[in-house]
**Q** 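Quick one: structure below, then a few questions.
All values reported here derive from a predicted model rather than from experimental measurement. Letters A, B, ... mirror the listed sequences (proteins, then strands); counts begin at 1.
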Amino acid sequence: MSRFIEEEKRTHYCGQVSARDEGNQVVLFGWVQRRRDLGGLIFVDLRDREGIVQIVFDPDSDEALHAEARKIRGEYVLAVRGEVRRRPAGMENPHMFTGQIEVTVSAFEILNEAKTLPFSPEDEDVSENLRLKYRYLDLRRPAIQKNLILRSRLAIATRQYFNENGFIEVETPFLGKSTPEGARDYLVPSRITKGAFYALPQSPQIFKQLLMVSGFDRYFQIVKCFRDEDLRADRQPEFTQIDVEMSFITEDDIINMMEGLMKTVFKTCLDIDLLLPFPRLKYADAISRYGKDNPDIRFGMEIVDLTDIVKNSGFKVFSDAAGSGGAVKAIRAEGAASLSRKELDGLKDFAAVYGAATLVWAKVNAADWTSPAFKFLTPQEAETIGLAMNATEGDLILFTAGTQKVVSDVLGNLRLHLAKKLNLIDPKALAFTWVTEFPLMEFSETEQRFVSTHHPFTSPFIEDLPFLATDPARVRARAYDLVLNGSEIGGGSIRIHRRDIQAQVFSALGLGDEDAREKFGFLLDALEFGAPPHGGLAFGLDRLTMIMTGADSIRDVIAFPKTQKAACLMSEAPSEVSSEQLAELSLKIV
RNA sequence: GGGGUCGUAGUUAAGUUGGUUAUAACGCCGGCCUGUCACGCCGGAGGCCGUGGGUUCAAGUCCCAUCGACCCCGCCA
């Protein structure tokens, strides 16, 4: 047993020793970041989660101690007692927080040795493969520790805020019932009921509504959710939501409460003062101006609709699209006429990914355009377009034509792509916007039926109810997303609290009475036992943390994330299980 | 399911039109060194070139397949 651990208590974290401690004895625990053995003096940079301090072993003061210190190697775990000393004049290190001082060691113990690590916590360019395999070493890196520490503070500030506002944190089950709508479920086989499965929750949606029926009035939970879909840089199969629900409220009540949360956590975690209220944008405007329901409004370059101008044009690509219910739209990149032919081809390839059959470019000159399309347009058409685009010499205009959806997708993504390429985005900006009045449902080509835009419990606008049976696409939902810098960080809605309206919505979704009964019977029952008007919202904690830390990948804000194939390279999950385990669950691998 | 980028000492990379013993830096090991902080100097060890197959007199290099990581499309109520 270590004498140090038994007899000594840590007095400081390494990163927190300062000139104020000069002359004092300190006890430190930490890892060896680096050693510099000068033959006589030995310097060691000792690291813990709060930072690094230089410790010194001097052969003149204690020869035996110094001899022992020669055994020290990288990433050894040390316990150290010593005196804080101001460094000799000229020996200060201005690049270190603790660079004014050092600790001269009077006693120490090697608590554990370490083999040479696959990579050092100091390394910045390590393949992600390796980082994920040795995640516990990756997590020694200050940059990742900083992210997880901020995440912790964010969660704590959130709990504090909701507590102060009368919310009650309730845990809901992970072993639930599979539902037909939405993402693919992660399934858990039941041992007791052969052939039956639990589903891990995609969100605690129904449970939180039931808590409103129970009268909890204000609920929140910081909770894991599970969706068995393909991964992206900002998507993991298990992720964390800040889940909220309130009774007897309107959209504005929820929006105000959530804006308050944002203001609080940005102040607490980053000391940033947000301006309230956040702007609001109707879904239809978000699509028409930015091509996306999660618009990045940190920069302009809004989409301009040219359909009316070109519907009778001699340029077939434009007039055909305009004449067949599609659209012709464009964006203008200021001063981007200098892009090379190769770069323009690159933009075409980029646009093709989103279904663009055509991407027409035009470089604006003083009197005309340099453009493959210029000869197909009359001078008046070009001039009218130029006016509509507010074009000036040196600008680049990018047109696309096609269905409404493709045109929005293409220009919406091109707009983001160009903004990054042309450095139009202020990295410090925090552009919040609410997006409201989503369509309640959209027609799914793959399923050949209407599916919920958010989820089937979202309340329609009461005045749109008549269209539910006749023209479902026209029904607006009382839903709202919170978008920050082009990332959907939260979404919610006022819920349906009336049994009859819920039945109408299920019906419009093609969910028959019997199906609805079987899948959501308990919710339908609950709506008949005095369900209050209620609504709520859920934030993506991971995405919010990403933005607050500036992380490029969601994996950098999750302690033990999965790879794109949803595997854990460290623990090697998922893995095969024994035939005994399978037999117990009545499962067979086919 | 589809498109793209990548895989060479412990790590990060270089490796020409296919051609002798596969380079470098950092790290590691040993020696020297009493004010370093990316310490310095000297010496040394370290390779399944992701894996399998093919073409060839000859493959890190060319071809095919496969595995893995990342980015994107589809998917993600």
**Q** Nearest of B:G10, B:U12, B:C72 to any side-chain atom of A:Val126?
**A** B:U12
**Q** Polar atom pairs between nucleotides 28-30 of chain B and protein, under 3.5 Å, N or O only, would you list them?
**A**
unit_1	atom_1	unit_2	atom_2	d
B:C29	OP1	A:Arg73	NE	3.2
B:G30	OP2	A:Arg73	NH2	3.3

**Q** Would the A:Phe350 and A:His417 ring centres measure less than 6.0 Å apart?
**A** yes
**Q** What's the gap between B:U20 and B:U36 when it is taken at their P atoms, as a whole Å value?
**A**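 Between the two P atoms, the distance is 46 Å.
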**Q** Could you check which of B:C37, B:A69, B:U34 has an atom nearest any side-chain atom of A:Arg36?
**A** B:C37
**Q** For the pair A:Arg227 and A:Asp185, find out whether any cationic side-chain nitrogen is under 4.0 Å from an anionic carboxylate oxygen.
**A** no
**Q** Under the side-chain hydrogen bond (donor to acceptor under 3.5 Å, both in side chains) rule, what pairs show up with a residue in residues 501-523 of chain A, not counting sequence neighbours?
**A** A:Arg517-A:Asp525
**Q** What parts of residues 234-244 of chain A reach RNA chain B, counting only heavy atoms under 4.0 Å away?
**A**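 By residue number: A:Arg235.
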**Q** Using a 6.0 Å cut-off, check whether atom CZ of A:Phe97 has over 12 heavy atoms from anything other than its own residue.
**A** no
**Q** With no angle test and no hydrogens, is the base of B:G27 tied to the side chain of A:Asp123 by a donor-acceptor pair under 3.5 Å?
**A**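 No pair found.
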**Q** Provide the distance between the two P atoms, one in B:C63 and one in B:G18, to the nearest whole Å.
**A** 11 Å
**Q** NA contact type, A:Ser203, heavy-atom cut-off 4.0 Å: base, sugar-phosphate, or nothing?
**A**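 Touches a base.
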**Q** For nucleotides B:G60 and B:U16, find the distance between their C1' atoms and express it as a whole number of Å.
**A**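 Result for the C1' pair: 13 Å, nearest Å.
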**Q** Are A:Phe520 and A:Phe457 near enough that their ring centres are under 6.0 Å apart?
**A**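 Yes, they do, as the ring centres are separated by less than 6.0 Å.
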**Q** Verify the ring-centre separation between A:Phe174 and A:Phe226: is it less than 6.0 angstrom?
**A** yes
**Q** Considering only the C1' atoms, how many Å lie between B:G31 and B:G19, rounded to the nearest integer?
**A**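 The answer is 40 Å between these two C1' atoms.
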**Q** With heavy atoms under 4.0 Å as the rule, sort A:Phe457 into base, sugar-phosphate or nothing.
**A** nothing
**Q** Write down the distance separating the C1' atoms in B:A25 and B:A9, rounded off to the nearest Å.
**A**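 Each nucleotide's C1' atom is 12 Å from the other's.
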**Q** Contact class for A:Asn93 vs. all strands (heavy atom < 4.0 Å): base, sugar-phosphate, or nothing?
**A**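 Base: the residue A:Asn93, judged by heavy atoms under 4.0 Å, touches a nucleobase.
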**Q** Could you measure between the two C1' atoms, the one in B:C76 and the one in B:C49, and give it in whole Å?
**A**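 Between the two C1' atoms, the distance is 39 Å.
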**Q** Distance between the P atoms of B:U12 and B:A38, in whole angstroms?
**A** 23 Å
**Q** With both distances under 3.5 angstrom, what nucleotide forms a Watson-Crick or G-U wobble pair with B:U5?
**A** B:A69
**Q** Looking at residues 41-56 of chain A, who's got a heavy atom less than 4.0 Å off RNA chain B?
**A**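 The answer is A:Leu41, A:Phe43, A:Gln54.
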**Q** Nearest of B:C39, B:C71, B:A69 to any side-chain atom of A:Ala233?
**A** B:C71
**Q** Classify A:Leu231 by what it touches in the nucleic acid, base, sugar-phosphate, or nothing, heavy-atom distance under 4.0 Å.
**A** nothing
**Q** Is a salt bridge present between A:Arg478 and A:Glu251, judged by a nitrogen-to-oxygen distance below 4.0 Å?
**A** yes
**Q** Indicate whether any N or O donor in one side chain lies under 3.5 Å from an N or O acceptor in the other, for A:Gln221 and A:Thr172.
**A** yes
**Q** Less than 3.5 Å apart, any donor N or O on the side chain of A:Gln236 or A:Asp542 sitting next to an acceptor on the other?
**A** no
**Q** Which of these nucleotides, B:G74, B:C72, B:C39, is closest to any side-chain atom of A:Tyr354?
**A**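 For A:Tyr354, the side-chain atoms sit closest to B:C72.
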**Q** Are any non-hydrogen side-chain atoms of A:Ile55 and A:Cys14 less than 4.5 angstrom apart?
**A** no
**Q** Identify whether any heavy atom of A:Arg232 sits under 4.0 Å from a base atom; if not, whether one sits that close to sugar-phosphate; answer base, sugar-phosphate or nothing.
**A**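 Here A:Arg232 touches the bases of the nucleic acid.
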**Q** Tell me the interatomic distance from A:Glu181, atom CD, to B:C76, atom C1', rounded to whole angstroms.
**A**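 My rounded result for the distance is 14 Å.
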**Q** Quantified in whole Å, what is the C1' atom distance between nucleotide B:C41 and nucleotide B:A14?
**A** 27 Å
**Q** Quickly work out the A:Gln564 CD to B:U5 P distance and round it to whole Å.
**A** 15 Å
**Q** Go through residues 95-102 of chain A and report each residue with a non-hydrogen atom lying under 4.0 Å from RNA chain B, sorted by number.
**A** A:Met96, A:Glu102
**Q** Identify which nucleotide among B:G1, B:G27, B:U34 has an atom closest to any side-chain atom of A:Arg34, counting heavy atoms from C-beta outward.
**A** B:G27
**Q** Measuring from the side chain of A:Thr563 (C-beta onward, heavy atoms only), which nucleotide among B:C70, B:C72, B:C39 has the closest atom?
**A** B:C70
**Q** Tell me what A:Pro456 touches on the nucleic acid: a base, only sugar-phosphate, or nothing, going by heavy atoms under 4.0 Å.
**A**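 Touches a base.
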**Q** Give every residue pair that meets the side-chain hydrogen bond (donor to acceptor under 3.5 Å, both in side chains) criterion with at least one member in residues 125-135 of chain A, sequence neighbours excluded.
**A**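 The answer is A:Glu128-A:Arg555, A:Arg131-A:Asp138, A:Arg131-A:Asp556, A:Arg135-A:Asp138.
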**Q** Checking all strands, does A:Arg85 fall into the base, sugar-phosphate, or nothing category for heavy-atom contacts under 4.0 angstrom?
**A**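 Base contact.
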**Q** At under 4.0 Å between heavy atoms, what does A:Arg555 touch on the DNA or RNA strands: base, sugar-phosphate, or nothing?
**A** sugar-phosphate
